[in-house]
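Down below is the structure, laid out as structure tokens.
Lettering follows sequence order; numbering is per chain, from 1. Side-chain atoms are counted along with the backbone in the values below, which use heavy atoms only and exclude waters and symmetry mates.
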Amino acid sequence: MLDRQLFRTELERIIAGAARKHIDAPIDEVVRLDSERRALLLDLEAKKAEMNKVSKMIGQLMGQGKKDEAEAAKAQTKELKDYISAGEQKEREIDAALLAAELVIPNIPHDSCPDGVDENDNVEIRQWSAQPSFDFELKPHWELCESLGLVDFARGTKVAGSGFIAYTGWGARLQRALINFMIDHQTLKNGYKEVYPPFLVNRASMIGTGNFPKFEEDVYRADDDLWMIPTAEVPVTNLYRDEILNSDDLTLKLAAFTACFRKEAGSAGKDTRGLLRVHEFDKVEMVKFTKPEDSYDELESLTADAESVLQLLGLHYRVVNVCAGDMGFKGAKQYDIEVWAPGVGRYLEISSCSNFETFQARRANIRFRKAAGEKPEYVHILNGSGLACPRLFASLLEVYQQADGSVLIPEPLRPYVGTDRFVP
RNA sequence: GGAAAGGUGGCAGAGUGGUCUAAUGCGGCGGUCUUGAAAACCGUUGUCCAGAAAUGGACCAAGGGUUCGAAUCCCUUCCUUUCCUCCA
């Protein structure tokens with residue numbers, strides 16, 4: 001959500017921002033409802049002030065025993081009361097319509113975010129290491145999963161449907177190892193505080209992070225008002241909903257492991273094989289609450305923290321500055337990290353690190369106070385994956401596969417996995 | 001799933017229809033005193049909206065309602081605690 005003041009003072013920026021994102025947003029409606037609301041309030045509050053005065057006077061007259069005068073004053077209030085009651089009804093209608101419109105206005109992309117329509121316009125800003133070369137025929141990860149018995153695709157599908165994965169044997173072990181390795185790294189080395197949040201959240205939380213109302217269709221519903229999280233970003237960010245944070249605690253850095261549930265509707269037919277696009281996956285997520293002036297530095301270090309996992313595991317990747325059109329609704333700036341998967345011959349999006357500035361903080365009402373006595377201000381909120389497990393799993397297998405069909409386990413992961421090699 | 005009690009400022013906690021502009025205590029901030037600190041004393045201390053400002057309006061879990069007037073009465077929802085039931 002954007003500052004309502006911005007619609008009065010910097011309307012052009014909002015219009016330009018939505019245009020850069022290629023999102024059609026009801027900006028005119030916000031402007032119209034906002035001015036309608038203010039005109040109404042001006043009038044209504046004057047009437048309320050009058051009403052309060054009369055009511056107070058009636059109270060005093062009653063206290064003095066002047067019953068008749070009190071009754072006379074009462075008779076005069078009928079018209080005022082009806083007027084106020086109608087005005088309040090109108091105010092409720094405008095407020096609801098205004099909020100509904102505001103909730104679907106996209107965040108304004110940062111100046112450093114490139115123009116563009118889709119992922120083809122993203123700008124690569126760096127690579128790490130080089131693509132590995134092989135002197136034998138590479139297999140895609142799903143073949144390695146089958147031959148090494150790491151995943152039982154058929155039975156996973158049987159129990160839950162396509163896009164649900166049953167990891168088996170060393171595959172299950174590797175999955176747990178990745179989670180522990182990453183969460184240990186982010187908490188013990190990079191200074192994030194570990195959180196283990198609920199995997200189901202209520203509607204208010206979904207609105208707080210910006211998933212609702214616009215993207216309700218993408219999320220699994222568990223009950224009337226309980227939703228399965230699409231990312232740990234939702235419960236972790238909302239931990240501090242409606243709170244004023246202590247300035248000394250900023251930047252507050254949290255890391256969480258959760259499963260993530262996504263319908264992935266509309267991507268039918270894409271990446272249907274293997275682990276690249278599934279309905280349930282594990283992920284370690286980092287969330288930062290920062291002072292406004294720190295948020296762009298914190299975005300750089302957040303991205304570096306996510307990258308460091310890939311560096312430790314020796315996986316080639318690139319970082320792209322996501323263009324306005326590909327960034328989506330909530331972000332002001334976003335870096336994607338794409339890991340190289342030689343078996344499928346593609347870079348896989350494995351992390352997305354974003355600065356939302358005050359967009360989420362305003363929705364979730366998360367603020368901080370610069371100093372005692374100062375007015376509370378909205379924090380800046382950032383998050384990034386560190387990292388998503390299935391694509392990391394896939395890349396690892398494809399990069400570390402050997403000519404004999406075995407897969408080597410990179411050194412830092414061995415204590416977690418308990419072996420140095422998967423053998424067919 | 002059943003029953004009961006309850007939700008008031010940063011915290012504790014009074015308030016059951018009219019100076020509630022919410023008592024009091026703790027905590028925070030400022031001051032007096034002190035070489036400094038503690039203690040004591042004095043003052044101060046919420047958020048949001050509209051307005052250039054003066055000021056006005058709203059907020060006692062949330063949303064409706066009754067009333068000239070609601071923290072207080074009524075309805076709905078949410079949450080918490082305790083007990084029972086069930087359960088890893």
Which whole-number value in Å describes the distance from [X] [atom1] to [N] [atom2]?
{"X": "A:R241", "N": "B:rA62", "atom1": "CZ", "atom2": "C1'", "value": "13 Å"}
{"X": "A:I84", "N": "B:rC68", "atom1": "CD1", "atom2": "P", "value": "13 Å"}
{"X": "A:E45", "N": "B:rG57", "atom1": "CD", "atom2": "C1'", "value": "4 Å"}
{"X": "A:L226", "N": "B:rU77", "atom1": "CG", "atom2": "P", "value": "17 Å"}
{"X": "A:R38", "N": "B:rG57", "atom1": "CZ", "atom2": "C1'", "value": "16 Å"}
{"X": "A:L42", "N": "B:rA53", "atom1": "CG", "atom2": "C1'", "value": "14 Å"}
{"X": "A:L80", "N": "B:rU67", "atom1": "CG", "atom2": "C1'", "value": "15 Å"}
{"X": "A:F368", "N": "B:rG46", "atom1": "CZ", "atom2": "C1'", "value": "18 Å"}

Could you measure between the two P atoms, the one in B:rU19 and the one in B:rA23, and give it in whole Å? 13 Å
Examine [N]: is either OP1 or OP2 under 4.0 Å from a nitrogen or oxygen in the side chain of [X]? Give yes or no.
{"X": "A:N202", "N": "B:rC78", "value": "no"}
{"X": "A:K56", "N": "B:rG69", "value": "no"}
{"X": "A:R4", "N": "B:rA50", "value": "no"}
{"X": "A:R203", "N": "B:rA62", "value": "no"}
{"X": "A:R37", "N": "B:rC49", "value": "no"}
{"X": "A:K48", "N": "B:rG57", "value": "no"}
{"X": "A:K81", "N": "B:rG69", "value": "yes"}
{"X": "A:N52", "N": "B:rU21", "value": "no"}

Any donor-acceptor N/O pair, A:R173 side chain to A:V417 backbone, under 3.5 Å: yes
Using modelled atom types and a 3.5 Å cut-off, is there a donor and acceptor pairing between side-chain atoms of A:H279 and backbone atoms of A:K263? yes
Is it the case that the ring center of [Y] lies less than 6.0 angstrom away from the ring center of [X]?
{"X": "A:F422", "Y": "A:Y400", "result": "no"}
{"X": "A:F261", "Y": "A:Y220", "result": "no"}
{"X": "A:F164", "Y": "A:F281", "result": "no"}
{"X": "A:Y296", "Y": "A:H380", "result": "no"}

Quick one: label [X] by what it contacts on the DNA or RNA (base, sugar-phosphate, nothing), any heavy atom closer than 4.0 Å.
{"X": "A:I58", "value": "base"}
{"X": "A:R362", "value": "nothing"}
{"X": "A:M51", "value": "sugar-phosphate"}
{"X": "A:T77", "value": "sugar-phosphate"}
{"X": "A:A49", "value": "sugar-phosphate"}

Among B:rC48, B:rC49, B:rC68, which nucleotide sits nearest the side chain of A:P376? B:rC48
Residue pair A:L382 / A:V287, side-chain heavy-atom distance below 4.5 Å: no
Partner lookup for [N], please. Criteria are Watson-Crick or G-U wobble with both distances under 3.5 angstrom; report none if nothing qualifies.
{"N": "B:rA38", "result": "none"}
{"N": "B:rA88", "result": "none"}
{"N": "B:rU81", "result": "B:rA4"}

How are the rings of A:F199 and A:F257 set to each other: parallel, tilted or perpendicular (split at 30° and 60°)? perpendicular
The reported gap from NE2 in A:H110 to CG in A:L299 (rounded to nearest 0.5 angstrom) is 9.5 Å
Counting only heavy atoms and a strict 4.0 angstrom limit, can you tell me which residues of residues 88-104 of chain A come near RNA chain B? A:R92
